[in-house]
Protein chains: 2
Amino acid sequence: MLKESVIMHSISDIHQDEGNTVCSNWASPNKLWSSLADVGEFLHTSAPQTMQHEKVSFQHLHFKAGQRIHALGQEFDALYLVNSGFIKTVLFDENGYEQVLNFPMKGDVLGMDSMHSHEYASEAIAMSDCDIILLPYKTLISLCRSHEQLEQAIYSLLSRELARQQQRLSMHGTSSAEARVAKFLLALSERFYSLGYSRTTFNLRMTRNDIGSYLGLTLETVSRTLSALNELGVISVSQRQITINDASALRNLRKLPSTKLKTKLTECFQGSHIANWALAPALS
Amino acid sequence: MLKESVIMHSISDIHQDEGNTVCSNWASPNKLWSSLADVGEFLHTSAPQTMQHEKVSFQHLHFKAGQRIHALGQEFDALYLVNSGFIKTVLFDENGYEQVLNFPMKGDVLGMDSMHSHEYASEAIAMSDCDIILLPYKTLISLCRSHEQLEQAIYSLLSRELARQQQRLSMHGTSSAEARVAKFLLALSERFYSLGYSRTTFNLRMTRNDIGSYLGLTLETVSRTLSALNELGVISVSQRQITINDASALRNLRKLPSTKLKTKLTECFQGSHIANWALAPALS
DNA sequence: CGTCTAGTTGAATCGCATCAACAAGCGTGG
DNA sequence: CCACGCTTGTTGATGCGATTCAACTAGACG
């Protein structure tokens with residue numbers, strides 16, 4: 001709620017916030033070690049209390065914006081639990097082009113796609129200053145053996161991630177560019193909200209290029225789509241600053257009207273009230 | 001090796017093979033129960049011997065072609081290990097259209113995307129008669145606790161699947177229709193080979209529609225692409241029967257020549273020798 | 001102040017989807 | 001046995017949506 005107000009301020013305020021690792025909801029911002037109970041809580045285990053008496057502690061790592069958290073091909077020996085900051089994970093195709101896989105943030109775990117290998121299968125890059133908890137793989141696994149809820153949490157993380165990837169895959173096959181961008185914005189909105197930020201106003205931490213890569217589009221298409229949604233009044237865009245004006249319109253979006261025929265505007269939404277008030281100014 | 005020769009026979013032989021569940025490499029074709037050691041071996045655990053003395057046994061289930069193995073929304077309580085047969089897993093989008101997620105076959109595990117939930121997150125449909133080993137989730141998890149290699153195998157399965165999905169996602173974003181189909185054929189080829197079948201000649205078990213859904217294309221595009229590859233001589237297609245004539249050409253394929261300008265044919269391959277001998281008849 | 005990256009916007013192109021017609025395989029039942 | 005419907009696959013014509021190429025603007029940074 002405190003952050004809520006911070007975010008609701010002007011753009012400059014948010015840019016300030018972006019520059020440092022301080023996050024108001026930390027118990028102790030500069031903590032260097034976390035207990036197992038902390039980690040358990042982070043991963044939403046059912047009973048972190050039972051971990052209270054464990055003596056292990058986990059090291060915190062700090063990364064500056066732009067730094068690599070782990071590189072492709074680097075020896076795999078740990079998972080990374082994001083405590084604060086914004087990250088992108090990428091893959092490189094045969095031509096060296098990078099494909100964005102995900103935008104992990106607080107509470108997300110990195111490296112799960114590499115547990116079967118001795119090398120990291122992807123690369124993680126800090127998009128802002130980050131505070132990350134190092135979870136050495138062997139330590140974690142052996143703790144799982146004694147803490148059933150922790151083990152279940154790990155399974156859940158992996159499984160949930162798998163299910164999410166499937167949803168994305170499905171979306172890629174069917175949806176239009178507009179629908180993808182709309183869903184992306186909605187998903188971001190929900191994630192920010194669940195972290196205590198505003199649901200309606202937030203800052204994209206990534207470039208248009210990164211968004212495009214993530215969604216399977218080009219940066220131009222992303223830019224155009226954002227502009228179009230802005231034009232319609234569904235969202236307000238100014239650089240990376242986004243305000244969602246009509247979430248339900250975003251949810252119901254199928255495709256945007258072609259610039260030529262504005263008469264078919266109503267077809268683009270399915271029974272959303274925005275069709276009416278967005279149409280009025282557009283047609284006048 | 002025995003199966004190899006079977007497959008290398010005529011098409012009619014293979015069609016016969018498709019009709020029944022008999023698979024020559026079973027220890028006992030009609031087995032109803034498997035031991036933990038069997039399962040461990042199946043999952044490529046490092047030391048299945050240590051599981052010899054476990055008294056648990058796992059039930060086999062039989063499904064006929066077209067039957068659902070598990071349905072979306074059904075209560076999740078077990079993973080399924082494919083012992084024989086061909087399966088497709090699907091998801092349904094908001095309009096009820098089905099999105100193909102995967103084509104599991106022998107040795108693959110179903111249901112991993114549902115471990116975090118109390119319901120299956122996707123649907124599995126038998127494309128041929130199938131023999132499947134039921135792995136009750138709770139039983140499996142508790143066995144993991146006492147058999148470290150088994151636990152590691154489960155982690156590996158999940159992680160590997162995640163990594164594969166990422167690769168697919170990446171491919172969807174960048175590759176052309178031709179490249180996707182080519183990669184799909186190569187991947188199938190390798191899987192069949194690893195199961196003891198021929199690497200070069202095999203039978204697609206799925207429709208063009210299913211392939212299209214899996215690859216994010218329409219069935220027409222899949223059909224056209226297969227026809228074009230056939231025309232070039234890179235593969236031979238007859239209905240669902242595929243023969244790969246030049247695997248390296250498939251691997252190096254970027255995009256097919258447009259029907260209008262055959263002069264730029266060489267651009268479509270990167271230094272493959274097929275460019276030469278495929279060009280000759282095409283240009284003459 | 002110039003350079004570099006990020007973002008916007010326009011015009012032309014192209015790849016794939018869409019729509020449609022048709023052929024082939026297959027099971028069913030007269 | 002062929003007639004019939006149904007599913008699957010092929011192929012052509014057309015149009016749209018997204019990419020591509022390009023020009024331009026606006027901040028960021030040393």
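Order of the sequence lines sets the chain letters (A, B, ...), proteins ahead of strands, with each chain counted from 1. Keep in mind the model is a prediction, meaning the values are calculated, not measured. The basis for the numbers below is simple: all heavy atoms, side chains too, and nothing from hydrogens, waters or symmetry mates.
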Nucleotide C/dA6, atom P - distance to CE of A/Met206 in whole Å: 14 Å

So, does B/Ser227 get its side chain near the phosphate of D/dT11, meaning an N or O under 4.0 Å from OP1 or OP2? yes

Heavy-atom donor-acceptor pair, B/Ser176 side chain to B/Ala179 backbone, under 3.5 Å: yes

Indicate the ring-plane relationship of B/Phe103 and B/Tyr214, choosing parallel, tilted or perpendicular according to the 30° and 60° boundaries. tilted

How are the rings of A/Tyr120 and A/His70 set relative to one another: parallel (under 30°), tilted (30 to 60°) or perpendicular (over 60°)? parallel

So, is A/Arg240 close to the C/dG7 phosphate, meaning a side-chain N or O under 4.0 Å from OP1 or OP2? yes

Is any side-chain N or O of B/Thr221 closer than 4.0 Å to OP1 or OP2 of C/dA17? yes

I want to check something: taking the side chain as every heavy atom from C-beta on, are A/Cys130 and A/Val82 in contact at a cut-off of under 4.5 Å? no

Could you give the CG-to-P distance, from A/Leu204 to C/dG7, as a whole number of Å? 9 Å

To the nearest angstrom, the CG-P distance between B/Leu219 and C/dA23 comes to 18 Å

Regarding the side chain of A/Ser223, the nearest nucleotide among D/dA18, D/dT8, C/dT9 is C/dT9

Would you indicate what B/Thr207 reaches in the nucleic acid, counting non-hydrogen atoms under 4.0 angstrom: base, sugar-phosphate, or nothing? sugar-phosphate

Below 4.0 Å: OP1/OP2 of D/dA18 and any side-chain N or O of A/Arg180: no

Hydrogens and angles aside, do B/Asp246 and B/Ser248 bring a side-chain donor and acceptor to less than 3.5 Å of each other? yes

Whole-Å distance separating the CG atom of A/Leu215 from the P atom of D/dG17: 18 Å

What is the separation between atom CG on A/Leu226 and atom P on C/dT8, rounded to the nearest whole Å? 7 Å

Below the 4.0 Å mark, does D/dT19 have OP1 or OP2 next to a side-chain nitrogen or oxygen of A/Thr218? yes

For B/Leu217 and C/dC16, what is the distance between atoms CG and P respectively, to the nearest whole Å? 7 Å

Would you say a side-chain N or O of B/Arg224 is under 4.0 Å from OP1 or OP2 of D/dT10? no

Nearest-Å distance, CD1 (A/Ile242) to C1' (C/dG7)? 12 Å

Which part of the nucleic acid, if any, lies within contact of A/Gly216, taking any heavy atom under 4.0 Å across all strands shown: a base, the sugar-phosphate backbone alone, or nothing? sugar-phosphate

Between C/dT8, C/dA20, D/dC21, which nucleotide gets closest to the side-chain atoms of B/Glu220? C/dA20

Length of the line joining A/Gln241:CD and C/dT8:P, which is rounded to integer Å: 13 Å

